[in-house]
Number of protein chains: 2
Amino acid sequence: MTKLINERCDVIPALARAFRKHGFDAASLSVITKETGLGKGSLYHFFPEGKEEMARAVLTEVDTWFELNVFAPLREEEDAGGAIADMFDKTEAYFYSGQRVCLFGVLALVEARERFKGAVRCYFAKWQSALTQALVRDGCDADEAEELSEDAVSGIQGALVLCRAMDDPQIFGRVLRRWKERLMIELDN
Amino acid sequence: MTKLINERCDVIPALARAFRKHGFDAASLSVITKETGLGKGSLYHFFPEGKEEMARAVLTEVDTWFELNVFAPLREEEDAGGAIADMFDKTEAYFYSGQRVCLFGVLALVEARERFKGAVRCYFAKWQSALTQALVRDGCDADEAEELSEDAVSGIQGALVLCRAMDDPQIFGRVLRRWKERLMIELDN
DNA sequence: GTCTATAAAGCGATAGAC
DNA sequence: GTCTATCGCTTTATAGAC
């Protein structure tokens, strides 16, 4: 049996858990140590620049997942309506129906965001732009597509906030389902 | 001329700035000291239980403002449609058109929320319930009102997240304006 | 590659002078 | 009511043994 952790990328899921749970500042190295099961020595071996590099690695990993599974299909799939429906399903699955927060969203709100400004902006810009493209490809007016995607992307983030605030993960699925319907109705017109 | 700060409530705006900027954990006492211009001695004089009491005082203040200016009118105003339109205007003004974050939203996302669970939940529950009541009073079906208010309240929070993420405060006004229209159209049916 | 030990700085909170 | 000094603890980061 091989070792559980022998590459940088093996630690990323545990790092993601730590940052999602506590945000950037409150995710101390002792928290990260517990979550990953690795001592400081090992952590600094994989991430010589420390905590910021750890967070950045997680963000890159999340961004790559969305690019592959959500953004690219929205931009390229021939069946644009199907890609949009798929986006909602994949998104609901990714966030474990509202039990997981969005790390980009968490990092966007407070001062720590200055460190990750570029990555955060890029992630949301890609999401909105990809959704806009899918809507346009399916016959939606360009200006209206821009507006709808802005509302839908912020609606998804807001649903994650409301889930945590109300301690009710079901909110996420409900809000997503209704946004899906709203976009589909728009495409029928 | 009287002193600028001689009561607990005089420090609250500065405390709110500190917590909005950094969240709870990263708003250290030295940050708070700078923002308020008060030494630790004075701060502990006004808030003997320390940082948590400071944050709680800010939340109470914000909650009271919304109760008076937004929630109560939604529940009680005779002109329910007008109260809803007013909610959006007051909300946009309160959050300085997206330049200010929602402290309840910030505290909802990470582990620190455990400390303020009750207050956070109560704030959002009141908002959603008050908006639902206004929609129903104006002729909206009860189930649909429940759904619309969930979507609108989360839409507002999400718009604040997206503003920060994209570093574009204008997003807030746009999203709010469209939600206002969506609710108004619903009432016309 | 992983650990322990340790450094230097910052943390929340308290005490006591004024 | 406000300050400074200080406590004990935790923080990030490094060094060096293994």
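Each chain gets a letter, A, B and so on, in the order its sequence line appears, and its residues count up from 1.
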S.K.: Between A:Ser154 and A:Glu150, do the side chains contain an N or O donor and an N or O acceptor separated by less than 3.5 Å?
M.R.: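 The answer is no; no qualifying pair exists.
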S.K.: Would you give the length of the straight line joining atom CG of A:Leu15 to atom SG of A:Cys9, rounded to the nearest 0.5 angstrom?
M.R.: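 Result: 11.5 Å between the selected atoms.
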S.K.: Rounded to whole angstroms, how far apart are NE2 on A:His22 and P on D:dT12?
M.R.: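 Value for this atom pair: 12 Å.
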S.K.: Calculate, to the nearest 0.5 Å, the distance between atoms CG and CZ belonging to B:Asp167 and A:Phe124 respectively.
M.R.: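 Reported to 0.5 Å precision, the distance equals 13.0 Å.
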S.K.: Whether B:Asp63 and B:Lys126 form a salt bridge (side-chain N of Lys/Arg under 4.0 Å from carboxylate O of Asp/Glu) is what I want to check.
M.R.: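 Looking at B:Asp63 together with B:Lys126, the answer is yes, because their closest N to O distance falls below 4.0 Å.
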S.K.: Using the 3.5 Å cut-off, write out each protein N or O paired with an N or O of nucleotides 12-16 of chain C and the distance between them.
M.R.:
{"from": "C:dG12", "atom 1": "OP1", "to": "B:Lys51", "atom 2": "NZ", "distance (Å)": "3.0"}
{"from": "C:dG12", "atom 1": "OP2", "to": "B:Leu29", "atom 2": "N", "distance (Å)": "2.5"}
{"from": "C:dA13", "atom 1": "OP2", "to": "B:Tyr44", "atom 2": "OH", "distance (Å)": "2.6"}
{"from": "C:dA13", "atom 1": "OP2", "to": "B:Lys51", "atom 2": "N", "distance (Å)": "3.3"}
{"from": "C:dA13", "atom 1": "O5'", "to": "B:Tyr44", "atom 2": "OH", "distance (Å)": "3.0"}
{"from": "C:dA13", "atom 1": "N6", "to": "B:Lys40", "atom 2": "NZ", "distance (Å)": "2.8"}

S.K.: Using a strict threshold of under 4.0 Å (side-chain N to carboxylate O), is an ion pair present between B:Glu53 and B:Arg8?
M.R.: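 Result for this pair is yes, salt bridge flagged.
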S.K.: Separation of B:Phe46 atom CZ from D:dT2 atom P, in whole Å?
M.R.: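 Those two atoms, CZ and P, are 5 Å apart.
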S.K.: Once you round it to whole Å, what is the distance between P of D:dT10 and NZ of A:Lys34?
M.R.: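 In whole Å, D:dT10 P and A:Lys34 NZ are 9 Å from each other.
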S.K.: Using whole Å, report how far NE2 of A:His45 lies from P of D:dT14.
M.R.: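 These atoms are roughly 15 Å apart.
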S.K.: Mind listing the side-chain donor-acceptor pairs of residues 116-123 of chain A below 3.5 Å, one per line with the distance, residues two or more places apart or on another chain?
M.R.:
{"from": "A:Lys117", "atom 1": "NZ", "to": "A:Glu114", "atom 2": "OE1", "distance (Å)": "3.4"}
{"from": "A:Arg121", "atom 1": "NH2", "to": "B:Met166", "atom 2": "O", "distance (Å)": "3.4"}

